[in-house]
Amino acid sequence: MQTDKQAVKQHETAPSVIDIELLALDLNNCTRCVGTLDHIEKAIKIIQPVMEVMETQVNVERVVVKSEEQARRYQFVTSPTVRINGKDIAFETLESECESCTDLCGCDEGTSCRVWRYRGEEYTEAPVGLVVESILREIFGDSDDALGATPAYSGVPENLRRFFRSKSETRPAEACCSPAEKEACCESGEKSACCDASQPETCGCQ
């Protein structure tokens, strides 16, 4: 049974801010990425009462990875990736062909996206239960033991490199970002830098 002193200690050491980072190839058409974002939002609503008691706030950052250079910067190896305070919530990297991203890629080999293994089952979107458990572990300080060491980064996988190559080859340089992408990619004062038509391979909020 938890003592009052233990409860106070947990409260004092609980992080005041939980940063959730969603890294994805697409957040408009990819069912796995869009579904994962939806499940993150559902998970946050479920544990909102706990966060209020622990005086913890959650920030969600959505990053659409648009180039190989950006993938290297984020050490991005599969889509979608969910990190909580910098730690990947998945225990391993599993993938299967993603119809949505294969259509976006337009490449013969297809594009594979993440498969999530949770409690003996496999899912194509991050399970709500997994996200809830991962946030609670971070709040109560158990995440390091549960997740173990983060695998060493070994570069951008060919699967992603092929996707980025295909996208850069099919997108006209003058188009850079679509109007909708320009609206959402960054702050108004930064659009001239982040939506640069002269560099389509790095176009977008970097």
Side-chain angles (χ1 to χ4, degrees), residues 20-45 59-84 88-90 93-118 121-131 134 156-188 190-191 194-197 199-206:
I20 301 178
E21 186 178 54
L22 171 62
L23 302 168
L25 289 176
D26 176 84
L27 282 173
N28 293 314
N29 302 296
C30 177
T31 56
R32 302 192 192 196
C33 298
V34 173
T36 293
L37 175 58
D38 180 58
H39 288 184
I40 290 172
E41 293 171 346
K42 286 181 180 177
I44 292 172
K45 288 181 181 179
N59 295 328
V60 179
E61 181 182 7
R62 305 162 182 82
V63 179
V64 177
V65 182
K66 298 184 178 182
S67 69
E68 188 174 334
E69 188 279 332
Q70 190 181 7
R72 281 194 295 271
R73 189 160 70 247
Y74 281 98
Q75 298 191 0
F76 177 64
V77 297
T78 186
S79 178
T81 290
V82 180
R83 293 172 182 161
I84 296 182
D88 195 328
I89 70 170
T93 300
L94 302 173
E95 294 180 319
S96 66
E97 184 171 347
C98 173
E99 293 183 4
S100 303
C101 288
T102 293
D103 289 342
L104 290 171
C105 174
C107 42
D108 295 335
E109 300 89 340
T111 300
S112 295
C113 287
R114 184 163 229 156
V115 173
W116 308 78
R117 184 175 289 163
Y118 177 65
E121 301 289 338
E122 292 187 353
Y123 304 84
T124 55
E125 302 165 0
V128 174
L130 174 61
V131 180
S134 301
V156 181
E158 177 58 28
N159 176 55
L160 296 181
R161 294 172 63 190
R162 184 169 58 243
F163 181 88
F164 297 132
R165 277 199 307 269
S166 177
K167 291 283 285 183
S168 65
E169 288 169 0
T170 57
R171 170 180 280 183
E174 66 274 15
C176 187
C177 302
S178 68
E181 288 175 315
K182 285 184 179 180
E183 183 65 27
C185 75
C186 50
E187 298 297 330
S188 299
E190 300 174 351
K191 290 190 185 298
C194 79
C195 288
D196 182 356
Q199 301 184 56
E201 72 280 1
T202 59
C203 171
C205 193
Q206 303 296 309

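The shortest non-hydrogen separation linking R162 to C105 is O-SG, 4.3 Å. Shortest non-hydrogen contact noted between P127 and H39 is CA-ND1, 4.3 Å. Between T31 and S100, the shortest heavy-atom contact is N-OG, 3.4 Å. In terms of heavy-atom proximity, Y118 sits nearest to Y123 at O-CE1, 3.7 Å. Of all non-hydrogen atoms in W116 and L130, the two that sit nearest each other are CE3-CD2, 3.8 Å.
Once rounded to the nearest 0.5 Å, the distance linking OG1 of T111 with CG of L104 reads 8.0 Å. Separation of atoms CZ (R161) and CG (N159) is listed at 11.5 Å; rounding is to 0.5 Å. Rounding to the nearest 0.5 angstrom, the gap separating the CD1 atom in I20 from the CD1 atom in I44 is 4.0 Å. Atoms CZ and CD, on R72 and E69 in that order, are 6.0 Å from each other to the nearest 0.5 Å. Residue C30 holds its SG atom at 9.0 Å from CD of E125, rounded to the nearest 0.5 Å. Once rounded to the nearest 0.5 Å, the distance linking CD1 of I89 with CD of E21 reads 12.0 Å.
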Are R62 and E41 close enough, and set up right, to give a salt bridge (Lys or Arg N to Asp or Glu O under 4.0 Å), and what steps lead you there?
CA-CA 12 Å; R62 305 162 182 82; E41 293 171 346; 3.3 Å; yes
Before giving the answer on side-chain contact (heavy atoms from CB on, under 4.5 Å), spell out for V65 and L160 the whole-Å C-alpha distance, their side-chain angles and the decisive distance to 0.1 Å.
CA-CA 10 Å; V65 182; L160 296 181; over 6 Å; no
Show me the side-chain donor-acceptor pairs of residues 76-84 shorter than 3.5 Å, one per line, residues at least two apart or across chains.
unit_1: T78; atom_1: OG1; unit_2: E95; atom_2: OE2; d: 2.7
unit_1: S79; atom_1: OG; unit_2: L25; atom_2: N; d: 2.9
unit_1: T81; atom_1: OG1; unit_2: T78; atom_2: O; d: 2.6
unit_1: T81; atom_1: OG1; unit_2: R114; atom_2: NH1; d: 3.3
unit_1: R83; atom_1: NH1; unit_2: Y74; atom_2: O; d: 2.8
unit_1: R83; atom_1: NH2; unit_2: Y74; atom_2: O; d: 3.0
unit_1: R83; atom_1: NH2; unit_2: Q75; atom_2: O; d: 2.8

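Among residues at least two apart or in separate chains, there is no salt bridge (Lys or Arg N to Asp or Glu O under 4.0 Å) pair with a member in residues 99-108.
R32 and S96 form a side-chain donor-acceptor contact under 3.5 Å, judged by distance and modelled atom types alone.
A salt bridge does not link K167 with E68: every distance from a Lys NZ or Arg NE/NH1/NH2 to an Asp or Glu carboxylate oxygen is 4.0 Å or more.
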